[in-house]
Protein chains: 2
Amino acid sequence: MRGVIHGLLRGRWRGGDRLTEVDAADLFKVSRTPVREALLELASMGIVELRRNCGAILLPFGEKELRNLYAVRTLLETEAARLAATRMDDTAIDQLKSSFTALRREQRPDADWKLDRELHAAIAQAADNPRLAGEIARYSDLVQTMREAVGTVLADIHSASLAEHLRILRCLKQRDTNAAAEAMRQHLAQAASSAVAAVKQVGKAQKH
Amino acid sequence: MRGVIHGLLRGRWRGGDRLTEVDAADLFKVSRTPVREALLELASMGIVELRRNCGAILLPFGEKELRNLYAVRTLLETEAARLAATRMDDTAIDQLKSSFTALRREQRPDADWKLDRELHAAIAQAADNPRLAGEIARYSDLVQTMREAVGTVLADIHSASLAEHLRILRCLKQRDTNAAAEAMRQHLAQAASSAVAAVKQVGKAQKH
DNA sequence: GAAAGATAGATTGCATACAATCCATCAGTT
DNA sequence: AACTGATGGATTGTATGCAATCTATCTTTC
């Protein structure tokens, strides 16, 4: 039950909090079985640590952890961008480019994330390495999960992202591998900074 | 039940084979519950694909998939080596070096893999990014699982690995980030070639 | 003959009960 | 007073039954 996963985090569990299977089951009005599977998935995503007969403890998630996460994500996605620069076909690039320019006209903030995810997925796909694409998708899901867990503060994509996206697409179109990788790196650095800022804001809010 | 995971593969399931939960449960004389969790873990490792009401299908695993896997692994581990070159402390490096030279004298082939895993784990640890270390451990486990699944053919570590290990340690000691990353890359390239050769051998053997 | 619908079988998703394991506390002994 | 062993509570690991869902085949209708 995927809802359980998000639910587990939407509440404000602080890092180090301990949650047993029965507690979680009671909390979400389901049996232990789906909770158990949800916890296993959360553990595989590195969000909780499962300790035998001790319950699941929610790992701390602050600036340091966020930067570590984005470090790995950057590693994966810059490589994908590098590979995509030689392998992605022009029609896919043009299609995405027009999607982004269309988005700019419409000004729909909620569609930003969707298109962002589409771009990253398309690049991962073009890298022609399903395993790499799978890892990228995993991290995309992870970020999405954390975003929902932290709340709406992270909902706004940073304003410069559109320009960054277009720059990535331009590099891909020009078949410039190094430039594409660098553009992706900078895009993710911006995203990381934005996420860190949001987490800090939430941290402050929780103290009040 | 981790035994189930290995057992699922130790048999010769060819890529595309379909296995339902009840079949697996009967096969290993356990109930569906642990089988289910094992399949979920296998799916998270990208070894099987879970299709609703269709059973788990074992993904094909040939040369292409192996090279894709090692491409991701190389990405993770070269970065770890790069980071470790500046952060790993001398005592840890020296300790590993002496372990390897001691191993050379003893000539115990079964201890090779263990020490190899220790080296990679130590470097991952030294990178000071628990998430990166976690991913590296995940891939180490994955390779180990595949190794056991394919059989004893992959059991022999390639002969040049000792020299490669020592070279990595030398680069780390010299705090040469680029050299350490390059040494790790070459080491993994060798390992990949060795694994590919073994898989091909098994493929031939299965045809007879 | 082809397509749409129904029906039966198969398969997974969830709930509950039970067994095994672990941890902490407390009593007893030196 | 410190250490060892036992005991009870808590927590996870596993088994089993039932409900929901999907797939494939067969039937019916046009």
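First the proteins, then the strands, lettered A, B, ... as listed; each starts at 1. Any value given below was found using the heavy atoms of this structure, including those in side chains, with hydrogens, waters and symmetry copies removed.
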Filtered N/O pairs between nucleotides 21-24 of chain D and protein, under 3.5 Å:
residue: dT21(D); atom: O2; partner: Asn53(B); partner atom: ND2; Å: 3.4
residue: dC22(D); atom: O4'; partner: Asn53(B); partner atom: ND2; Å: 2.7

Would you tabulate the pairs of protein nitrogen or oxygen atoms and nucleotide nitrogen or oxygen atoms of nucleotides 15-19 of chain D closer than 3.5 angstrom?
residue: dA15(D); atom: OP2; partner: Ser31(B); partner atom: N; Å: 2.6
residue: dA15(D); atom: OP2; partner: Ser31(B); partner atom: OG; Å: 2.9
residue: dA15(D); atom: N7; partner: Thr33(B); partner atom: OG1; Å: 2.9
residue: dT16(D); atom: O4; partner: Thr33(B); partner atom: OG1; Å: 3.4

What N/O pairs connect the protein and nucleotides 6-8 of chain D at under 3.5 Å? Give each pair on its own line.
none

All N/O pairs under 3.5 Å across the protein-nucleotides 5-9 of chain C interface:
none

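We find that CD of Glu49(A) is positioned 16 Å from C1' of dT11(D), with the value rounded to whole Å. Across the protein-nucleic acid pair, Ile57(B) atom CD1 and dT11(C) atom P stand 14 Å apart, rounded to whole Å. As a whole-Å value, the separation of Arg36(A) CZ from dA17(C) P is 18 Å. Rounded to whole Å, atom P of dT14(D) lies 15 Å from atom CD of Glu21(B). Whole-Å rounding puts the Glu37(B) CD to dT12(C) P distance at 15 Å. Distance CG (Leu39(A)) to C1' (dG13(D)): 14 Å, rounded to an integer number of Å. One interatomic measurement links the two molecules: CZ of Arg18(A) to C1' of dC22(C), which rounds to 12 Å at whole-angstrom precision. As rounded to whole Å, 15 Å separates atom C1' of dG13(D) from atom CG of Leu40(B).
Evaluation of the side-chain contact (heavy atoms from CB on, under 4.5 Å) rule for Glu79(B) yields Leu75(A), Arg82(B), Leu83(B), Leu132(B) as partners, not counting sequence neighbours. Residues meeting the side-chain contact (heavy atoms from CB on, under 4.5 Å) test with Ala92(A), sequence neighbours left out: Met88(A), Asp89(A). Applying the salt bridge (Lys or Arg N to Asp or Glu O under 4.0 Å) test to Arg18(B) and every residue at least two apart in sequence or in another chain returns nothing. Every residue two or more places apart in sequence or in another chain that forms a salt bridge (Lys or Arg N to Asp or Glu O under 4.0 Å) with Arg32(B) is listed here: Glu21(B). Residues satisfying the salt bridge (Lys or Arg N to Asp or Glu O under 4.0 Å) criterion with Asp26(B), sequence neighbours excluded, are absent altogether. In terms of the side-chain contact (heavy atoms from CB on, under 4.5 Å) criterion, residue partners of Thr86(A) (sequence neighbours excluded) are, by chain and number, Thr177(A). For Glu135(A), the salt bridge (Lys or Arg N to Asp or Glu O under 4.0 Å) criterion is met by Arg138(A), Arg138(B), not counting sequence neighbours.
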Hey, mind stepping through Asp116(A) and His187(A) against side chain to side chain contact (heavy atoms under 4.5 Å, CB included) and telling me if it holds? CA-CA 11 Å; Asp116(A) 179 79; His187(A) 172 51; 3.5 Å; yes
Apply the test side chain to side chain contact (heavy atoms under 4.5 Å, CB included) to residues Val143(A) and Tyr70(A): give CA-CA distance (whole Å), side-chain angles for both, the deciding distance (0.1 Å), then the verdict. CA-CA 9 Å; Val143(A) 170; Tyr70(A) 267 95; 3.8 Å; yes
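Of the N and O atoms on the side chains of Thr20(A) and Asp23(A), at least one donor lies less than 3.5 Å from an acceptor on the other residue.
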Side chains of residues 42-59 of chain B: which donor-acceptor pairs under 3.5 Å do they make with residues two or more places apart or in other chains?
residue: Ser44(B); atom: OG; partner: Glu41(B); partner atom: O; Å: 2.8

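Ion pairing between a basic and an acidic side chain is recognised when a charged N comes within 4.0 Å of a carboxylate O; Arg185(B) and Glu77(B) show no such pairing.
Under the 4.5 Å side-chain criterion, counting only non-hydrogen atoms from C-beta, Leu169(B) is in contact with Leu119(B).
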